[in-house]
Number of protein chains: 2
Amino acid sequence: MKKGERSKARILEATGHLLARQGYHGTGLAQIVKEADAPRGSLYFHFPGGKEEIAARALVEVGRRTRGELATALEGARSVGDALDALLGYFAEQLRASDFELGCPVATVALEAAATSAPVREAALEVYGAWQELATRFAHGVGLEGDAANDMGLAILSTIEGALLLARVQRSTEPLEASGRVLRKLLGV
Amino acid sequence: MKKGERSKARILEATGHLLARQGYHGTGLAQIVKEADAPRGSLYFHFPGGKEEIAARALVEVGRRTRGELATALEGARSVGDALDALLGYFAEQLRASDFELGCPVATVALEAAATSAPVREAALEVYGAWQELATRFAHGVGLEGDAANDMGLAILSTIEGALLLARVQRSTEPLEASGRVLRKLLGV
DNA sequence: CTCGGAATATGATGATCGTTCTAGCACCGT
DNA sequence: ACGGTGCTAGAACGATCATCATATTCCGAG
């Protein structure tokens with residue numbers, strides 16, 4: 001890998017880190033280059049689109065990685081109930097390990113920039129689309145098909161996103177656990 | 001009402017408006033005094049705590065008002081199914097009327113500032129606590145009691161919050177509607 | 001070894017951020 | 001009408017914001 005490529009990768013990783021914790025407007029370019037230990041002068045060389053482009057690509061990257069981790073966690077489950085525990089447990093662990101600073105790595109930026117930045121909104125759309133597809137596959141696992149599976153996937157994703165929001169505000173995993181109990185009842189597992 | 005009181009009220013109302021659409025760091029004090037048509041010099045006279053205090057009090061205010069509107073919408077419902085429609089319909093209308101700029105008026109700021117501003121986080125905590133109590137009362141309406149009602153209230157709130165997030169990203173009320181269909185099945189109404 | 005483009009360094013740009021300061025206006029009870 | 005205080009006007013603070021221009025270094029291909 002060439003030098004430029006590594007700089008780019010480090011910038012995107014650091015940006016994903018910072019955006020998840022502080023949001024879009026709360027994260028400055030100066031902080032990004034510092035955290036990435038990257039050359040300040042080459043920011044606009046690698047990302048001519050400026051901050052919007054950096055944020056959008058960082059969002060896609062962190063979403064792709066999260067999706068991968070969730071997928072492997074789901075594959076390791078031996079029952080639908082286990083899979084649900086794996087899903088919620090993954091996020092609960094992230095919350096605890098970060099002192100409730102890290103919930104959904106996309107949500108904050110998505111809400112901030114959905115109305116003002118088309119590239120960022122489209123990146124969030126892509127990430128949530130992929131996650132929704134994962135949730136719909138999960139719904140297939142409990143015997144749902146067609147529209148019912150789509151609805152269920154979207155509802156599961158909504159519930160988890162909302163629970164992650166409330167968990168950060170309450171500084172507690174209780175919303176995740178309560179949602180887990182209700183989802184388990186809903187799915188009959 | 002004295003002059004100072006009216007200035008304070010206008011500032012809080014304008015701030016609630018702006019925070020809901022642009023978040024905490026995306027909203028500047030200059031924009032607030034402009035939107036409120038309020039005197040810039042008296043910002044720190046009325047709110048010595050600065051931006052944090054203004055945001056926290058605006059959040060509580062908008063949360064209180066929203067809770068009132070939701071409560072009256074719920075009282076007008078003649079069945080549990082109607083009540084659910086009223087709940088989701090209220091937010092769907094907000095989204096449509098604002099071209100999908102206005103979802104949950106608290107969520108963006110809550111995510112941005114939960115980890116960095118204690119006053120803002122506590123304000124969000126208070127608002128969500130009141131809303132959760134409303135959702136739990138709703139759960140009582142379908143015959144649930146005790147822990148089951150608490151879990152259901154928290155899960156309903158989580159689902160709606162998540163659906164509002166996804167709706168803004170997708171620029172569509174579909175997440176709200178899908179969640180509504182699933183919730184109706186879950187509640188058996 | 002050399003040459004040329006890729007990548008980085010440095011610093012300045014104007015704008016806006018939140019905050020604070022000092023005057024001075026407006027309105028109150030007396 | 002008067003004094004006093006509740007409130008406002010307006011500017012200035014240093015800091016930081018995103019962006020960009022220019023100069024310099026790196027590195028691989030020929």
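Note on naming: letters A, B, ... go to the chains in the order of the sequence lines (proteins, then strands), and numbering restarts at 1 for each one. For clarity, every value in this text was computed on a predicted model and none was experimentally measured.
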Heavy-atom check, side chain of B/Leu29 versus side chain of B/Val33, under 4.5 Å:
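Side chain of B/Leu29 against side chain of B/Val33, heavy atoms only: no contact under 4.5 Å found.
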
Within less than 4.0 Å of OP1 or OP2 of [N], is there a side-chain N or O belonging to [X]?
| X | N | answer |
| --- | --- | --- |
| B/Tyr44 | C/dT19 | yes |
| B/Ser42 | D/dA9 | no |
| A/His46 | C/dA6 | no |
| A/Ser7 | C/dT8 | yes |

Contact class for B/Gly41 (heavy atom, under 4.0 Å): base, sugar-phosphate, or nothing?
base

Taking for each residue the nucleotide of DNA chain D with the nearest heavy atom, is it A/Pro48 or A/Gln31 whose nucleotide lies nearer the 5' end?
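Whichever sits nearer the 5' end wins; that is A/Gln31.
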
Nucleotide nearest A/Ala30 when distance is taken to its side chain, options C/dA9, D/dC17, C/dT19:
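For A/Ala30, the side-chain atoms sit closest to D/dC17.
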
[atom1] of [X] versus [atom2] of [N]: gap in Å, rounded?
| X | N | atom1 | atom2 | value |
| --- | --- | --- | --- | --- |
| A/Asp37 | C/dA7 | CG | C1' | 16 Å |
| B/Gln22 | C/dT16 | CD | C1' | 14 Å |
| B/Phe45 | C/dG24 | CZ | C1' | 14 Å |
| B/Glu52 | C/dG18 | CD | P | 12 Å |
| A/Glu53 | D/dT19 | CD | C1' | 14 Å |
| A/Leu43 | D/dC17 | CG | P | 13 Å |
| A/Arg6 | C/dT8 | CZ | C1' | 14 Å |
| A/Phe47 | D/dA18 | CZ | P | 15 Å |

Do we get B/Lys51 above B/Tyr24's six-membered ring, with its NZ or CZ under 6.0 Å from the centre and within 45° of the axis?
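Yes, B/Lys51 lies over the aromatic ring of B/Tyr24.
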
Taking B/Ser42 for the side chain and B/Pro39 for the main chain, is one N or O donor matched with an acceptor at less than 3.5 Å?
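It does hold such a pair.
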
Of B/Tyr24 and A/Arg40, the one whose nearest nucleotide on DNA chain C sits closer to the 5' end is A/Arg40

Pair A/Glu61 + A/Arg64, salt bridge at N-O below 4.0 Å
yes

Pair B/Arg184 + B/Asp85: basic N to acidic O under 4.0 Å:
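Yes, this pair counts.
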
